[in-house]
Amino acid sequence: MSPMRDLLSFPDGFLWGTATSSHQVEGDNCYNQWWKFEQLPGAIWRGDRSGLACDWWRNAEQDFDRMQALHLNAHRLSLEWSRIEPEPGRIDHRALDRYRAMLGGLRDRGIKPMVALHHFTNPRWFERAGGWEWAEAAPRFQAYVRAAVKALGDLCDFWLTMNEPIVYVMQGWVQGVWPPQKRNLAAARRVWRHLLLGHAAAYQIIHALQPHAQVGYTHAFHAFRGRSSRRPIHRYVAGVRDYFIDRLWLLCTVDGRLRPPLGLGEFHPTLAQSFDFVGINYYTSKIVQFSPNPRLLFGADYHPPVAEYSDRGRNGPYSLFYPYGLYGHCMELSALGKPLYITENGLPDANDDLRPRWLLAHLYQIHRAIRAGCDVRGYFYWTLVDNFEWHEGWGLRFGLFALDPQTQARAARPSAALYGAIAAANALTPAMVDAYDPASAGVYFGDHPDTYQWLRVV
Ligand code: FCB
C-alpha cells in the first residue's frame, strides 16, 4: 500500500524456472515400467493413463516459448533412460538427438537447463532384471549416465543424478502404491542402498567427464512436527520419520557412511561429499501423531482442522499450506556450506484460488532465508503445464497453465502472469503482495514481526 515499501529483491543471477519430468510430459513413453503399470486395472486413479502427456516429445518447444514469455531463465527437466537405452547396452542416438534439440531450444531462449538423470522411471529390461533390487543396478545406471553426459555435455553442465529417491522407495516398496507395488522392508533397504551407490557412481562419472559440472540430487523435505499435545510420543514419532525420510539419505551422502538400518556405518569413499548443491523439493509440512502401524513408522498424518489446504484436501501428500517449513529447511541445510536450489514447490489448485498467495508466501520465506545468510540460488515451480501426476493420473492440477490432455489446449491461470512478473522483476513487489496477500503485507515488508498465522496451525 505504501509507496515507501521496498521491493524484496533476489540476488543477481537468481534462477527462476519451472520443473518437469520426462514421463509426466513427453508422451508415449512405452518402454518404461510406469507405462506398463498404467495398463493394470485400478493402478491409476479413475483408470487414467499418461498417453500423449503434454506432447513434449513432438513439441516441447511451444511450452519453451511460454517459459520465455514469462521471463524464466531456467528449467528443470529429466531424461528418459528407457528412450536412451531401450535395450541393454543399445544407445538410441535418435533419442539423444531429440534431447539435444530440446536442450538447445531452451538455451536459445536464454533458459538454463538443469537435467535429472533419473525421475522415478526405469527401462523395462532393467525392471525385468530386478530393477533397483538388482545387484548390477548401480553400474548399469552409471553406464547410461556416461552415455547421456557424453552426448549432451556440451549443452548442459547442471545435473541431478536422481529425483526424490526416498519417495521412490517409500511408494514402491513400503506403501506399495507405485511399481513394483511391494511391501517388503528388506527389499526397500536393498533398493535404498543401491540408489545411494548408483547416485555416487553417477556423481563420479559426471565429474570425470565434466570436471566443472555442478551435480546434485533432489530430496523431498517435509518439515515433520509432532502434533501439539502434552504427549511426547507424537514428537518422538515425528523425529523417527524425520530421520528416515528427511535425513538419512542426506547424511550418507555427506560423510559416505551407510548408517543403520542401511548398514553398520561402513564407509564408501565415492559417497562422501557426493553433491555440489542440494535440491530441495518442498510441498508441505507433515504433522505427525502416534499410530500403532509399523508400516507407517508408527506415525500417522494429523490434519489440523483450522489449517488451509490445497485441492488434495486433508488426506493428500501435498495438502497443508505451511511456507514456514521451507524457511526452516533452508536455514538448516545452509550449515552444509553448499548452494541450495528449490527444485520443486507447488500445489494442486485447479481454480488457482490459493496458488498466487502460495507463491508469494513461499518466495517470501526463501527471501527471508537469503537475508539470514542462506545461499539459495534458484527456484523451480512445479510445474509449467498440468501433467500426468503418477498414480493420481490427471486428477491433480499443479500447472501455471491448465491443460486439456485430449485436445492439448493450454490456458494460463492467473498465477502464470504473477510468476512471470516476479521473474521479470527478480523481486516480490508491494503491488503483488497488495493484490494477492494484503492481510499479510505488514509481515512481508517488515512492519510486523514474523509471528505468522502459519505458525499457529496446531
Ligand atoms: C514430486 C515429484 C514430481 C511431482 C510432484 C507433484 O514428488 O518429484 O514428479 O509428481 O511431486
Side-chain angles (χ1 to χ4, degrees), residues 17-27 29 32-35 37-38 43-45 48 50 53-54 56 75-81 114-122 160-172 174-175 177-179 195 199 216-223 245-246 249 278-286 301 309-313 315-321 325-326 329 341-350 354-355 358-359 362 379-403 405 415:
T18 45
T20 54
S21 86
S22 54
H23 189 71
Q24 294 177 274
V25 298
E26 285 177 356
N29 256 323
N32 71 31
Q33 92 281 27
W34 262 90
W35 183 272
F37 180 65
E38 288 166 29
I44 311 291
W45 190 58
D48 285 355
S50 55
C54 304
W56 271 33
H75 180 68
R76 185 192 144 199
L77 68 165
S78 76
L79 304 180
E80 180 59 41
W81 180 3
M114 174 191 257
V115 176
L117 292 146
H118 188 266
H119 194 128
F120 301 153
T121 55
N122 304 312
L160 297 163
T161 57
M162 287 178 184
N163 175 68
E164 296 188 349
I166 306 315
V167 171
Y168 178 72
V169 177
M170 295 298 292
Q171 301 285 70
V174 180
Q175 309 286 350
V177 290
W178 286 4
L195 287 167
H199 152 73
Y217 51 76
T218 77
H219 190 58
F221 291 92
H222 302 86
I245 296 173
D246 276 12
W249 171 280
V278 182
I280 301 175
N281 289 3
Y282 178 79
Y283 286 88
T284 190
S285 165
K286 294 283 193 183
D301 292 347
Y309 294 89
S310 71
D311 277 359
R312 192 59 172 73
N315 302 314
Y318 314 109
S319 50
L320 177 70
F321 178 62
L326 186 51
H329 282 304
Y341 292 89
I342 312 306
T343 37
E344 284 182 34
N345 174 237
L347 75 163
D349 182 12
L354 181 54
R355 190 177 284 104
W358 171 289
L359 266 171
H362 285 80
Y379 175 85
F380 295 80
Y381 178 77
W382 185 277
T383 185
L384 185 79
V385 173
D386 292 338
N387 62 36
F388 181 73
E389 188 45 45
W390 308 113
H391 70 301
E392 316 267 8
W394 292 99
L396 295 182
R397 302 305 183 120
F398 282 84
L400 296 173
F401 290 81
L403 172 77
S415 292

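Position 1 is the first residue of the sequence, and the numbers go up from there. Counting convention: from 1, in listed order, for ligands and their atoms alike.
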Which option out of F388, F398, Y283 puts a heavy atom nearest to atom 5 (C) of ligand 1?
->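 It is Y283 that holds the nearest heavy atom.
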Could you list the atoms of ligand 1 found under 4.0 angstrom from a heavy atom of [X]?
X    : result
H119 : 2 (C), 3 (C), 8 (O), 9 (O)
Q24  : 3 (C), 4 (C), 9 (O), 10 (O)
E164 : 1 (C), 2 (C), 7 (O), 8 (O)
N163 : 8 (O)

Report the part of T218 (side chain from C-beta onward, or backbone N, CA, C, O) that has a heavy atom under 4.0 Å from ligand 1; answer both or neither where that applies.
->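 For T218, there is no contact with ligand 1 at all, from either part.
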Backbone or side chain, does any N or O of W382 fall under 3.5 Å from an N or O of ligand 1?
-> no
State whether the shortest distance between N or O atoms of E344 and N or O atoms of ligand 1 falls below 3.5 angstrom.
->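 Between E344 and ligand 1, an N or O pair is found under 3.5 Å apart.
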Centroid separation W178 to H23 less than 6.0 Å =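 W178 vs H23: aromatic centres not under 6.0 Å.
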Strictly under 6.0 Å, is that where the ring centroids of Y168 and H118 end up?
-> yes
Return yes if a side-chain donor-acceptor contact under 3.5 Å exists between N163 and T218, otherwise no.
->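 Short answer, yes.
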Is V167 in contact with ligand 1, taking contact as a heavy-atom separation below 4.0 Å?
-> no
Partner set under ring-ring contact (aromatic ring centres under 6.0 Å, His included) for Y217, not counting sequence neighbours | H199, W249, F275
Closest non-hydrogen atom pair, Q33 against T121 = OE1-CA, 3.4 Å
